[in-house]
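Beneath this line is the structure, given in structure tokens, with notes to follow.
Chain naming here is simple, since letters A, B, ... match the order of the sequence lines and numbering starts at 1 in each. On a predicted model such as this, the values are computed, not experimentally measured, just so you know.
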There are 2 protein chains.
Amino acid sequence: MALEHAILVCLSEQDLSGYDLAKQFDTSIGFFWHASHPQIYRELRKLKDQGLLVSTDHSQVGKPNKTVYSLTDTGREALFAWSQRAVEPPAVKDELLVRLYALDDIDRPALMAQLHDRLEKHQERLRQYRRIKETQYASPDLSSRQQGKLIALEMGIRYEENWVSWCEEALETLTNRA
Amino acid sequence: MALEHAILVCLSEQDLSGYDLAKQFDTSIGFFWHASHPQIYRELRKLKDQGLLVSTDHSQVGKPNKTVYSLTDTGREALFAWSQRAVEPPAVKDELLVRLYALDDIDRPALMAQLHDRLEKHQERLRQYRRIKETQYASPDLSSRQQGKLIALEMGIRYEENWVSWCEEALETLTNRA
DNA sequence: GGCAACATGTAACTTGTTACATGATTCC
DNA sequence: GGAATCATGTAACAAGTTACATGTTGCC
């Protein structure tokens, strides 16, 4: 129901090929809505059939040709209409938290190792977000589009900070009670 | 790949019917791993076929009969083996954050209303988590199983606190820049 | 009698993942 | 020659949602 709209969001800023979109969904907007390339190509076909996108072939020098997609007026209207619809908070789905529910029946040392691993991953992600903020959003006057992205990025930063401190405390608590 | 394991986690604590499991996945463990009832019944059948669960019919007075599932030894081993496998951090997927990426092309007043709505929902969820903590985890000596659940609940509380403060700040920023 | 909660399911569909498949170009 | 990156796809499967379907019991 919504990869469709996330694609419209990406294309509202600039025309992109499937490959470029896949890269966006692996970084940038991908921090808040991930998608794999088979899913993207499948969705592009559907959106084109619905008339929300048009495609044009671009030949490139030194690289293989690519098919670039652009929003149609109908596509931009669909994006606007979608933006008016209510959204539910996303459901949390985390295997690590589920494992904590069975603390008696799982491998404790393995869990500790997994918490360490998570801690490191969230630290790395946090560094990445902070780097992006410094390099791309440091200017005092941002366009409103950039402003929006920055607000989302702030959520990313807090989210990772939260994970980092939670992992640290969880490790401490579990060590003391071992 | 993992509802299967979340069910094993639930049944490692106590035997449950499909209906009871559905309730757990709507509250409790459901805060960290949600599942709908068709999915649960489908999974129970598979787990039973694999020999990880057995079912027994329980006749009840004053209520319809139910089928109660219990872990087999194989099931408990599968749970332990799963707990040793590495876990990836879950992907964030949030339409509201995606909308911020297209701040120029969406309905701004609608977005503000959605942020208000989210704020209220996260506040409510936070109240709920705090109530659970006070009523169910206030005791100084918790079993190790309860300890684990409390650590997960702490994540839930921080997660919601984070959302609440982010929503407040996002609303403020967007109001000033309107 | 009607509603809410209990209890269990199926069918159809959408969404998402993994593995496979192909071929171009650039750089070492 | 081989690896990396660019570029686009298909096929099969797994996971998740929504709507439909059925019947019980307790309570007002």
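For the salt bridge (Lys or Arg N to Asp or Glu O under 4.0 Å) condition, the pairs that include at least one residue of residues 147-158 of chain A, sequence neighbours left out, are Glu13(A)-Lys149(A), Lys133(A)-Glu154(A), Arg158(A)-Glu169(B). Under the ring-ring contact (aromatic ring centres under 6.0 Å, His included) criterion, the residue pairs touching residues 95-122 of chain B are His122(B)-Trp163(B), with sequence neighbours excluded.
Residues forming a side-chain contact (heavy atoms from CB on, under 4.5 Å) with Asp117(B) (at least two apart in sequence, or on another chain): Lys121(B). Remark: Ala170(A) pairs with Leu115(A), Trp166(A), Ile151(B) by the side-chain contact (heavy atoms from CB on, under 4.5 Å) rule, at least two apart or across chains. With sequence neighbours excluded, the residues forming a side-chain contact (heavy atoms from CB on, under 4.5 Å) with Arg42(A) are Gln39(A), listed by chain and number. Remark: Gln136(B) engages no residue in a side chain to side chain donor-acceptor pair (under 3.5 Å) (not counting sequence neighbours). Contacts of Ala110(A) classified as side-chain contact (heavy atoms from CB on, under 4.5 Å), with partners at least two apart in sequence or in another chain: Asp107(A), Gln114(A), Gln84(B).
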Protein-nucleotides 10-12 of chain C N/O pairs closer than 3.5 Å?
unit_1	atom_1	unit_2	atom_2	d
dT10(C)	OP2	Arg45(B)	NH2	2.6

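For residues 11-21 of chain B, proximity to DNA chain C is found at Ser17(B), Gly18(B), Tyr19(B), defined as any non-hydrogen atom under 4.0 angstrom from a strand atom.
Of the candidate nucleotides dC6(D), dT8(D), dT17(C), dT8(D) has the atom lying nearest to any side-chain atom of Lys66(A).
Put simply, NE2 on His34(B) is 11 Å from P on dG16(D), counting in whole angstrom units. The distance from atom CG of Asp57(A) to atom C1' of dC6(D) is 16 Å, rounded to the nearest whole Å. Computed from coordinates, the Leu3(A) CG to dC13(C) P distance equals 21 Å when rounded to whole Å.
By the 30° and 60° cut-offs, the orientation of the rings of His5(B) relative to Trp82(B) is parallel.
For Ser36(A), no side-chain nitrogen or oxygen approaches OP1 or OP2 of dT18(C) to under 4.0 Å.
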